[in-house]
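Everything below concerns the one structure shown next.
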Amino acid sequence: MNSQPLPLRKMLISGQWVSAKCGESIAVEDPARRHIIAKVPRGRVEDVDTAVEAAFAAFDSWKLVPARERGRALDRIADDLESRCEEIARLIAEETGNALRTQARPEVKISIEMFRYFGGLASELKGETLPLAHDLLSYTVREPLGVVAAVIPWNAPFLLASVKIAPALSAGNTMVMKTAEDAPLAILTLAEICAKHTSAGVLNVLTGTSIECGAPLLNHPKVSKLTFTGSTAVGRLVMEAAAKRILPVSMELRGKSPSIVFPDAVDDWVIDGIVAAMRFTRQSQSCTAGSRLFVHERIYDSVLERLCAAASKLKSVTRCPKASTSEQLSTAANLKSLRLHSQWNRAAWLDASDRRSAGSSRRLRLLPQPHRLRPSRQ
């Protein structure tokens with residue numbers, strides 16, 4: 001038994017790596033092996049206050065940095081990310097259960113391009129000048145908003161962090177980001193890289209729960225914009241927090257995407273497309289996952305039989321990417337998430353004679369390790 005102490009990753013506040021003021025921590029689990037791999041601080045309202053104050057203080061100087069220099073900083077961040085691409089991808093796979101080859105590595109590569117894109121865009125953030133008359137000009141000046149509060153989920157943490165950090169910093173804003181407590185490790189690595197190329201307080205990264213850390217951040221009076229990716233229920237609370245102070249808000253919420261199969265769609269690529277749309281390589285836990293399937297009654301039985309056959313070939317390949325892309329199955333990010341999905345799909349827990357799965361026609365059970373359910377047919 002390994003008796004070595006678990007590594008404690010700290011939060012980034014005002015350029016310093018700090019523990020939570022309460023002294024408590026949260027365990028981070030590897031869902032593929034179901035053991036604890038690290039601990040992170042359990043940030044609370046006092047940590048939020050410190051982080052927002054740091055971002056607020058840094059804003060006055062960061063907004064005056066020439067846009068071209070801010071863009072170069074983002075380019076240098078992209079360079080460092082590229083040099084550590086494989087390390088970060090493996091960390092993402094370890095803490096999220098995402099497939100390494102089809103999800104974690106592409107997630108890092110897209111994030112690199114995100115920083116490069118907004119690095120180049122920084123100097124193009126210009127206003128307009130309109131000659132309204134021979135002696136009258138109307139002009140606009142684009143100004144950064146201030147402190148941006150960002151909250152992200154666990155299913156694609158690195159990409160979602162990048163798509164929030166890069167544009168905010170490019171435009172001259174500062175940011176306080178609350179990571180998902182389930183998958184904070186890759187984001188802390190991203191914060192480490194960003195801190196090397198930006199001033200203290202420009203980016204602050206907190207770890208903690210939604211209630212203890214996320215809610216105080218979204219409702220902090222010195223925050224000037226909210227950005228959130230996650231569930232629709234929490235999105236309503238974010239919108240409510242923004243409405244109270246008339247703040248700009250951007251959100252990406254849960255989807256319920258359907259795949260529709262018409263009677264003339266009988267080729268094998270249709271089945272491959274349905275499986276790909278279900279996003280098994282991201283545990284089917286994605287806002288873009290095909291969570292509903294509508295099949296024409298004439299081909300209903302045929303399509304579902306072939307779909308079950310395809311699902312039966314799925315293999316768990318989080319860090320052993322030897323299966324083909326169409327055969328990869330990731331593990332769920334955590335047991336809490338898996339139980340939530342099981343509530344949505346009650347077939348996972350109930351006996352029913354007309355329900356089939358790729359692995360069994362009997363009652364579906366939670367597989368002991370790692371966190372996942374057999375693909376099922378209702």
Side-chain angles (χ1 to χ4, degrees), residues 9 11 25-43 88-100 102-108 110-111 149-165 176-191 205-215 217-218 227-235 237-238 251-255 279-289 291 316 318-319 329-344 370-373:
R9 298 289 301 271
M11 302 183 292
S25 62
I26 298 173
V28 181
E29 183 189 54
D30 173 353
R33 294 182 172 87
R34 294 181 68 175
H35 66 242
I36 307 303
I37 56 176
K39 291 183 178 181
V40 294
R42 186 167 186 157
I88 295 170
R90 290 184 175 275
L91 186 55
I92 293 170
E94 185 175 34
E95 66 178 341
T96 65
N98 284 342
L100 180 61
T102 58
Q103 290 298 319
R105 284 174 181 151
E107 186 171 332
V108 180
I110 294 172
S111 299
V151 177
I152 59 172
W154 44 261
N155 59 343
F158 201 83
L159 176 60
L160 294 172
S162 299
V163 81
K164 296 183 188 302
I165 294 171
V176 179
M177 173 169 285
K178 205 286 285 186
T179 70
E181 64 267 29
D182 311 292
L185 303 180
I187 309 306
L188 293 174
T189 301
L190 174 60
V205 176
L206 301 171
T207 56
T209 67
S210 297
I211 295 175
E212 296 174 344
C213 190
L217 174 59
L218 294 171
T227 175
F228 170 78
T229 301
S231 71
T232 304
V234 177
L237 299 177
V238 175
M251 297 190 292
E252 180 189 4
L253 306 179
R254 176 174 291 134
R279 304 300 300 275
F280 284 111
T281 52
R282 192 178 284 165
Q283 322 98 3
S284 298
Q285 296 169 152
S286 169
C287 59
T288 59
S291 53
S316 180
T318 305
R319 285 181 293 283
L329 171 67
S330 294
T331 50
N334 55 36
L335 188 57
K336 174 182 67 176
S337 172
L338 187 60
R339 284 172 175 160
L340 176 61
H341 280 70
S342 298
Q343 290 171 7
W344 292 340
H371 297 323
R372 67 176 181 264
L373 292 167

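In what follows, every heavy atom counts, from backbone to side chain, and hydrogens, waters and symmetry copies are set aside.
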message: Donor-acceptor check, side chain of Thr207 to backbone of Pro41, threshold 3.5 angstrom: yes or no?
response: yes

task: Say whether, by atom type as modelled, one donor and one acceptor occur between the side chain of Glu95 and the main chain of Ala186 under 3.5 angstrom.
output: yes

- line: For Ser162, the side chain to side chain contact (heavy atoms under 4.5 Å, CB included) test, sequence neighbours excluded, returns Ser111, Phe115, Phe158, Leu190

- prompt: Minimum heavy-atom separation for Ala32 to Asp30, with atom names?
  reply: N-OD1, 2.9 Å

message: Applying side chain to side chain contact (heavy atoms under 4.5 Å, CB included), can you list everything that pairs with Pro157, at least two apart in sequence or on another chain?
response: Thr96, Glu107, Ala183, Ile187

field: Value rounded to 0.5 Å, distance of NZ in Lys39 from CZ in Arg9
entry: 15.5 Å

- prompt: Does the pair Glu181 and Val40 meet the rule for a side-chain contact (heavy atoms from CB on, under 4.5 Å), with working shown?
  reply: CA-CA 8 Å; Glu181 64 267 29; Val40 294; 5.8 Å; no

message: How close do Pro184 and Thr179 get, counting heavy atoms only, and between which atoms?
response: CB-OG1, 3.3 Å

Residue pair Gly43 / Cys213: nearest heavy atoms and the distance that separates them: O-CB, 3.4 Å

query: Is any side-chain heavy atom of Val163 less than 4.5 Å from a side-chain heavy atom of Ile110?
result: no

message: Which heavy atom of Ala89 sits nearest to which heavy atom of Ala104, and what is that distance?
response: O-CB, 3.3 Å

query: How many angstroms lie between atom CG of Leu188 and atom CG of Leu206, to the nearest 0.5 angstrom?
result: 10.0 Å

Minimum heavy-atom distance Gly208-Ile26, with the two atoms named: CA-CD1, 3.8 Å

- request: Please list, chain by chain and in numerical order, all residues satisfying side chain to side chain contact (heavy atoms under 4.5 Å, CB included) with Lys164, sequence neighbours excluded.
  value: Ala150, Ile152, Met175, Met177, Thr227, Thr229

- prompt: Rounded to the nearest 0.5 Å, how far apart are CE of Met11 and NZ of Lys178?
  reply: 11.5 Å

